[in-house]
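Read the structure below first, then the notes.
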Amino acid sequence: MQTSSAILLPSLLQRRLEAAASDFLDPGAGAGIDFAVPPGEAALLAHDSVSWRLFKNPLSLFIGGVAAVILELAEPRVRTGVWEHTSFRDDPLRRLKRTGLAAMMTVYGPRSRTEAMIAGVVRMHGRVRGSTPAGQPYSADDPELLDWVHATASFGFLRAYHTYVGPLSQDARDAYYREGRTTSSLYGALAPPASEKELDLLFEAMADRLERSAIVFEFLRIMQRVALLPGPMSMLQDWLIKAAVELVPRWVRERLGLDDAWNLRPWQRNIIGRAGSTVDRIVLRSGPAVQSCRRLGLPDDYLYTTPWSPPDRARINGG
């Protein structure tokens, strides 16, 4: 028997939280998406997947996303492509909203619309190419670079949830990486890691290519000053960025020059952990996770029930 672990907030606080979550996934110009339609259409990933559980938590997604970008920017070809061909420096908030919406679509969106979105991203990647300051050629559709981008994103989101929300078993962590191959292949990644062991091997293979850059620190300064969190929650922003830095493997931090000044104090780390586990129980009815449950005829608190265990294998056709 499953029992709900959802938290019911006072109505005013619930409305404000819902509004803040909806705003963050709306890059403007009517680009917001209703994940509740069309009724019955499956997502790329199954509703009982590990990913559906993880991606409902906005706090761990933020922390994991920042950690992923730090790792991406450590690779010079990815760094140059991101910094020279995106609007991040000029309009970071809009860029973050678009990236967040794409992530939600990839996990929760109806399959037909998600495949169309990904096809558009792939076409855009085909136009992004150039050379790094050191003269290395790059293209955004290079499968090797796509493998790295996918792996770092997967790592960031998983480690953030595992560290700041609740520990996941080895089976659940490996199932999560296997699930990722369903979507990564559509983006053009050919050999992303399918387990934590494979992820470790990829980090080892990429070690000599990762390097320090002022752009990493510029990115972190932008993240510290852009208005991301509403009202009193804004005081946590610097902590969340440091929480992301702490997820980056120590040897990568040393190579990038991210010293102990970027560490959280133990009491700050404890507060973030408590916040992460609390947010994980708040049902955001206007959020993609709940809307997508409705699309499939599932109750609003489907992803907030206990006990829960990952599926025996990564199911790829939704359902």
Quiz item: How would you list all residue pairs meeting ring pair (Phe, Tyr, Trp, His ring centres under 6.0 Å) that involve residues 92-140, not counting sequence neighbours?
Solution: W52-Y108
Quiz item: Can a donor-acceptor pair be found between the side chains of R111 and T114 at a distance below 3.5 Å?
Solution: no
Quiz item: So do I282 and Y304 actually touch side chain to side chain, heavy atoms under 4.5 Å?
Solution: no
Quiz item: Can you name the nearest heavy-atom pair linking S184 to P192, along with the distance?
Solution: OG-CG, 3.1 Å
Exercise. Can you tell me which residue pairs pass the salt bridge (charged side-chain N to carboxylate O under 4.0 Å, His left out) test with a partner in residues 119-130, sequence neighbours excluded?
Key: R129-D141
Exercise. Identify the heavy atoms of V50 and A175 that sit nearest to each other, and give their distance.
Key: CG2-CB, 4.0 Å
Practice problem: Answer yes or no on whether R285 is positioned over the face of F35, meaning its NZ or CZ is under 6.0 Å from the six-membered ring centre and within 45° of the axis. | Solution: no
Quiz item: What pairs with R221 under salt bridge (Lys or Arg N to Asp or Glu O under 4.0 Å), at least two apart in sequence or on another chain?
Solution: none
Exercise. Check V165 against S60 and note the closest heavy-atom contact, atom names and distance.
Key: CG2-CB, 3.8 Å
Quiz item: Is it true that E246 and R269 have a side-chain N and a carboxylate O under 4.0 angstrom from each other?
Solution: yes
Quiz item: Got a sec, which residues hit side chain to side chain contact (heavy atoms under 4.5 Å, CB included) with D174, two or more places apart in sequence or on another chain?
Solution: Q170, R178, S195, E196
Quiz item: By salt bridge (Lys or Arg N to Asp or Glu O under 4.0 Å), which residues pair with E72, not counting sequence neighbours?
Solution: none
Quiz prompt | Closest non-hydrogen atom pair between T182 and S185, with its separation | solution = O-OG, 3.3 Å
Practice problem: Only pairs at least two apart or in different chains count here, so list each salt bridge (charged side-chain N to carboxylate O under 4.0 Å, His left out) that has a residue in residues 256-265. | Solution: R250-D260
Quiz item: To the nearest 0.5 Å, what is the distance between CD1 (I70) and CG (L210)?
Solution: 12.5 Å
Quiz prompt | Atom pair CG/OH of N270 and Y164 - distance to nearest 0.5 Å | solution = 11.5 Å
Exercise. Find the distance between CD (E84) and OG (S131) and round it off to the nearest 0.5 Å.
Key: 9.0 Å
Quiz prompt | Side chain proximity check, Y176 to S51, heavy atoms < 4.5 angstrom | solution = yes
Quiz prompt | F217 reachable from V82 in the ILVMFWY side-chain graph, under 4.5 Å edges | solution = yes
Self-check item: Residue pairs fulfilling ring pair (Phe, Tyr, Trp, His ring centres under 6.0 Å) with at least one residue in residues 193-213, sequence neighbours excluded
Solution: W148-F203, F155-F203
Self-check item: Spacing of CG belonging to L186 relative to CG belonging to L44, to within rounding of 0.5 Å
Solution: 6.0 Å
Quiz item: Do T99 and R95 come close enough that some side-chain heavy atom pair is under 4.5 Å?
Solution: yes
Quiz prompt | salt bridge (Lys or Arg N to Asp or Glu O under 4.0 Å) between R209 and E144, intermediate numbers included | solution = CA-CA 12 Å; R209 304 184 187 187; E144 180 185 43; 2.4 Å; yes
Quiz item: Under 3.5 Å, side chain of E198 to main-chain N/O of A194, donor-acceptor pair present?
Solution: yes
Quiz item: Looking just at side-chain N and O atoms, do R281 and N57 make a donor-acceptor pair shorter than 3.5 Å?
Solution: no
Quiz prompt | Working for side chain to side chain contact (heavy atoms under 4.5 Å, CB included), residues R295 and V290 | solution = CA-CA 9 Å; R295 189 180 77 244; V290 173; over 6 Å; no
Quiz item: For R274, what residues pass the salt bridge (Lys or Arg N to Asp or Glu O under 4.0 Å) criterion, not counting sequence neighbours?
Solution: none
Quiz item: Say you draw a straight line from CD of Q291 to CG of D300; how long is it, rounded to the nearest 0.5 Å?
Solution: 10.0 Å
Exercise. State, with a plain yes or no, whether a side-chain heavy atom of R113 is found less than 4.5 Å away from one of M105.
Key: yes
Practice problem: May I have the step-by-step check of side chain to side chain contact (heavy atoms under 4.5 Å, CB included) for L168 and L54, ending in yes or no? | Solution: CA-CA 10 Å; L168 297 165; L54 265 62; 3.9 Å; yes
Self-check item: Shortest non-hydrogen contact between R159 and T163, atoms and distance
Solution: O-OG1, 2.7 Å
Practice problem: Quick one: do K97 and L101 satisfy side chain to side chain contact (heavy atoms under 4.5 Å, CB included)? Show the steps, please. | Solution: CA-CA 6 Å; K97 287 182 176 183; L101 181 59; over 6 Å; no
Self-check item: Pairs meeting criterion ring pair (Phe, Tyr, Trp, His ring centres under 6.0 Å) with involvement of residues 247-290, two or more places apart
Solution: W239-W267
Quiz item: Are L146 and V121 connected in a single hydrophobic cluster, I mean Ile/Leu/Val/Met/Phe/Trp/Tyr linked by side-chain heavy atoms less than 4.5 Å apart?
Solution: no
Quiz item: With a 4.5 Å limit on heavy-atom distance, are the side chains of Q237 and V226 in contact?
Solution: yes
Quiz item: Have Y187 and T106 got a donor and an acceptor in their side chains that come within less than 3.5 Å?
Solution: yes
Self-check item: Residue list, salt bridge (Lys or Arg N to Asp or Glu O under 4.0 Å) with E41, at least two apart or on another chain
Solution: none
Exercise. Kindly indicate whether the side chain of C293, heavy atoms from C-beta on, has any atom under 4.5 Å from the side chain of Y302.
Key: yes
Quiz item: Do L190 and L201 belong to the same hydrophobic cluster, where Ile, Leu, Val, Met, Phe, Trp and Tyr are linked whenever their side-chain heavy atoms lie under 4.5 Å apart, directly or via other members?
Solution: no
Exercise. Establish whether L96 and M124 are linked, either directly or via other cluster members, by ILVMFWY side-chain heavy-atom contacts under 4.5 Å.
Key: yes
Quiz item: Of I215, V78, T152, which is the lone residue that meets side-chain contact (heavy atoms from CB on, under 4.5 Å) with L73?
Solution: I215
Self-check item: L298 reachable from M104 in the ILVMFWY side-chain graph, under 4.5 Å edges
Solution: yes
Exercise. Determine, for E75 against R77, whether the closest basic-nitrogen to carboxylate-oxygen distance falls under 4.0 angstrom.
Key: yes
Quiz prompt | ring-ring contact (aromatic ring centres under 6.0 Å, His included) partners of Y161, counting only residues at least two apart | solution = none
Self-check item: A151 to L202 - nearest heavy-atom pair and separation
Solution: CB-CD2, 3.4 Å
Quiz item: Do P110 and P38 have side-chain heavy atoms sitting under 4.5 Å apart?
Solution: yes
Exercise. Output every pair passing salt bridge (charged side-chain N to carboxylate O under 4.0 Å, His left out) with a member in residues 145-154, not counting sequence neighbours, ordered by first then second residue.
Key: none
Practice problem: For side chain to side chain contact (heavy atoms under 4.5 Å, CB included), just list the numbers for I222 and E218, CA-CA rounded to whole Å, side-chain angles, deciding distance to a tenth of an Å, and then say yes or no. | Solution: CA-CA 6 Å; I222 290 173; E218 184 179 353; 4.3 Å; yes
Quiz item: Nearest 0.5 Å, what's the CZ-CG distance between R173 and L158?
Solution: 7.0 Å
Quiz item: Is the shortest heavy-atom distance from the side chain of L220 to the side chain of L258 under 4.5 Å?
Solution: yes
